[in-house]
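Step one of this worksheet: look at the structure below.
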Amino acid sequence: PPDELPPVSAAAFRAPVAAYRAYSAGRLRLMQGEIAKLQSALAAGDRSAAQTAWRGAYAYYLNLGAVYLEGPVAALNDAIDGTPGGLPGGTTSPRFSGLHRLEQGLWTGAPLASLQPWARRLAADVAKLATLVPHVQIDPVDYATRAHEILEDALRDQLSGADAPWSGAGVLGTSAGVVATAAVIRTLGPVLGTREGVLQTVTADLAGVRSTLAAIVRAHGGQLPTTSQLTQPQSERLGASTGQALEGLAQVPGALEVTAAPVIPQITAKAARTAR
């Protein structure tokens with residue numbers, strides 16, 4: 001941050017992190033509601049309803065962007081949102097489960113009855129995660145950088161179509177990332193509000209991404225399109241507005257330095273001659 005800005009105390013992050021834990025717990029409850037709808041749709045043999053419920057569950061899970069993934073939480077994240085990339089056997093691996101295992105089956109015509117065990121497993125994993133999230137520890141430095149990383153991940157993994165290839169839910173995932181980013185910034189508002197206009201810049205940039213997404217929704221009959229349904233101009237505008245937001249978000253970690261930068265001692269002429 002500029003030299004005139006004093007470092008932020010670690011204690012200043014306690015309230016923002018606590019608020020984000022509460023927000024994340026609420027998102028998980030909403031996700032559990034969508035998983036219940038998914039299970040009902042699978043039991044009824046309604047693929048369309050199951051796909052709709054899957055999208056809802058996926059979006060709510062991506063809203064948890066700032067819950068750091070260490071220890072048992074990391075293992076649960078792999079079970080809930082892991083992709084087949086890197087797994088021995090890929091999509092046939094028994095370790096490929098969770099949201100993307102269900103996504104593959106729902107969009108490739110797998111018998112719905114065969115997906116019911118995976119849905120039950122997902123429900124159990126999310127229920128377990130819900131017991132851990134209220135107690136997850138988030139380092140202040142990590143929290144200061146996470147807002148930028150959430151949207152960066154969305155640009156790299158969602159808009160590219162890499163993370164949800166069967167459903168094409170990359171635009172949905174990007175929108176969910178914007179929600180998560182805004183939630184982080186909202187909790188940091190009282191701290192960022194005193195840091196050289198960073199909050200105003202980031203707020204305006206995120207509003208720009210939301211405006212772009214809203215225009216895309218209007219152009220697609222009130223629905224978020226799949227990545228393949230985006231027109232080239234729409235894709236370019238969304239990428240540009242997301243990139244603009246990332247530039248603003250890149251200021252956040254510097255504005256929220258927890259410790260002062262080390263003072264580099266000056267080498268005197270005498271010391272320099274001695275060293276030679």
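Position 1 is the first residue of the sequence; numbering continues from there.
Distance check, rounded to the nearest 0.5 Å: CG of Leu213 to CZ of Arg237 gives 11.5 Å. Residue Leu112 holds its CG atom at 4.0 Å from CZ of Arg47, rounded to the nearest 0.5 Å. With values rounded to the nearest 0.5 angstrom, Ile35 atom CD1 is found 9.0 Å from Leu102 atom CG. Once rounded to the nearest 0.5 Å, the distance linking OG1 of Thr231 with NE2 of His220 reads 6.0 Å. From Ser167, atom OG reaches atom CD of Gln51 across 8.5 Å, with rounding to the nearest 0.5 Å. The CD atom of Glu34 lies 12.0 Å from the CG atom of Leu122; values are rounded to the nearest 0.5 Å.
Checked against Gln244 for a side chain to side chain contact (heavy atoms under 4.5 Å, CB included), the options Leu206, Asp205, Leu249 give a single hit: Asp205. Screening Leu106, Leu115, Thr52 against Leu38 for a side chain to side chain contact (heavy atoms under 4.5 Å, CB included) leaves a single residue, Leu106.
Nearest heavy-atom pair across Ser114 and Ala110 is OG-CB, 4.2 Å. Closest approach of Val133 and Ser24 over heavy atoms only: CG1-CB, 3.7 Å. The nearest pair of heavy atoms linking Tyr23 to Ala183 is CZ-CB, 3.6 Å. Nearest heavy-atom pair, Leu42 versus Gln116, reported as atom, atom and distance to 0.1 Å: O-NE2, 3.7 Å. Nearest heavy-atom pair across Leu76 and Lys128 is CD1-CG, 3.9 Å. Here the closest heavy-atom approach between residue Ala19 and residue Thr187 is recorded as CB-CG2, 3.8 Å.
A donor-acceptor pair under 3.5 Å is absent between the side-chain atoms of Tyr143 and the main chain of Leu188, judged by distance alone. One N or O on the side chain of Gln137 and one on the backbone of His135 form a donor-acceptor pair closer than 3.5 Å. Proximity of a side-chain donor or acceptor of Thr203 to a complementary backbone N or O of Gln200 within less than 3.5 Å is not detected. Without hydrogens or angle criteria, Asn63 side chain to Ala176 main chain gives a donor-acceptor distance under 3.5 Å. Under a 3.5 Å cut-off, the side chain of Arg101 and the backbone N or O of Gly82 do not form any donor-acceptor pair. Side-chain atoms of Ser160 come within 3.5 Å of backbone N or O of Arg156 as a donor-acceptor pair. Thr181 places a side-chain N or O within 3.5 Å of a backbone atom of Gly177 that can act as its donor or acceptor partner.
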Go through the steps to decide whether Gln251 and Val202 satisfy the test side chain to side chain contact (heavy atoms under 4.5 Å, CB included), and finish with yes or no.
CA-CA 9 Å; Gln251 302 177 50; Val202 170; 5.8 Å; no
Could you please spell out the steps behind the side chain to side chain contact (heavy atoms under 4.5 Å, CB included) verdict for Thr174 and Leu155?
CA-CA 7 Å; Thr174 302; Leu155 186 62; over 6 Å; no
Under the side chain to side chain contact (heavy atoms under 4.5 Å, CB included) criterion, do Val126 and Tyr61 qualify, and how do the steps go?
CA-CA 9 Å; Val126 172; Tyr61 189 73; 5.5 Å; no
Taking it one step at a time, do Val136 and Leu132 satisfy side chain to side chain contact (heavy atoms under 4.5 Å, CB included)?
CA-CA 6 Å; Val136 69; Leu132 298 177; over 6 Å; no
Can you give me every donor-acceptor pair (side chain of residues 89-100, partner residue at least two apart or in another chain, under 3.5 Å) with its distance?
from   : atom 1 : to     : atom 2 : distance (Å)
Thr92  : OG1    : Gly89  : O      : 2.7
Ser93  : OG     : Arg95  : N      : 3.1
Ser97  : OG     : Ala79  : O      : 3.0
His100 : ND1    : Glu103 : OE1    : 2.8
His100 : ND1    : Asp163 : O      : 3.2
His100 : NE2    : Asp81  : OD1    : 2.8

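Considering only heavy atoms from C-beta on, Gln158 comes within 4.5 Å of Leu62 through its side chain. Put simply, the side chain of Ile185 reaches to within 4.5 Å of the side chain of Val252, judged on heavy atoms.
The aromatic rings of Trp54 and Tyr58 lie parallel to each other, their planes meeting at an angle below 30°, with 60° marking the opposite boundary.
One finds a salt bridge joining Arg146 and Asp153 here, because a Lys/Arg side-chain nitrogen approaches an Asp/Glu carboxylate oxygen to under 4.0 Å.
Residues passing the side-chain hydrogen bond (donor to acceptor under 3.5 Å, both in side chains) test with Thr108: none are found, sequence neighbours excluded.
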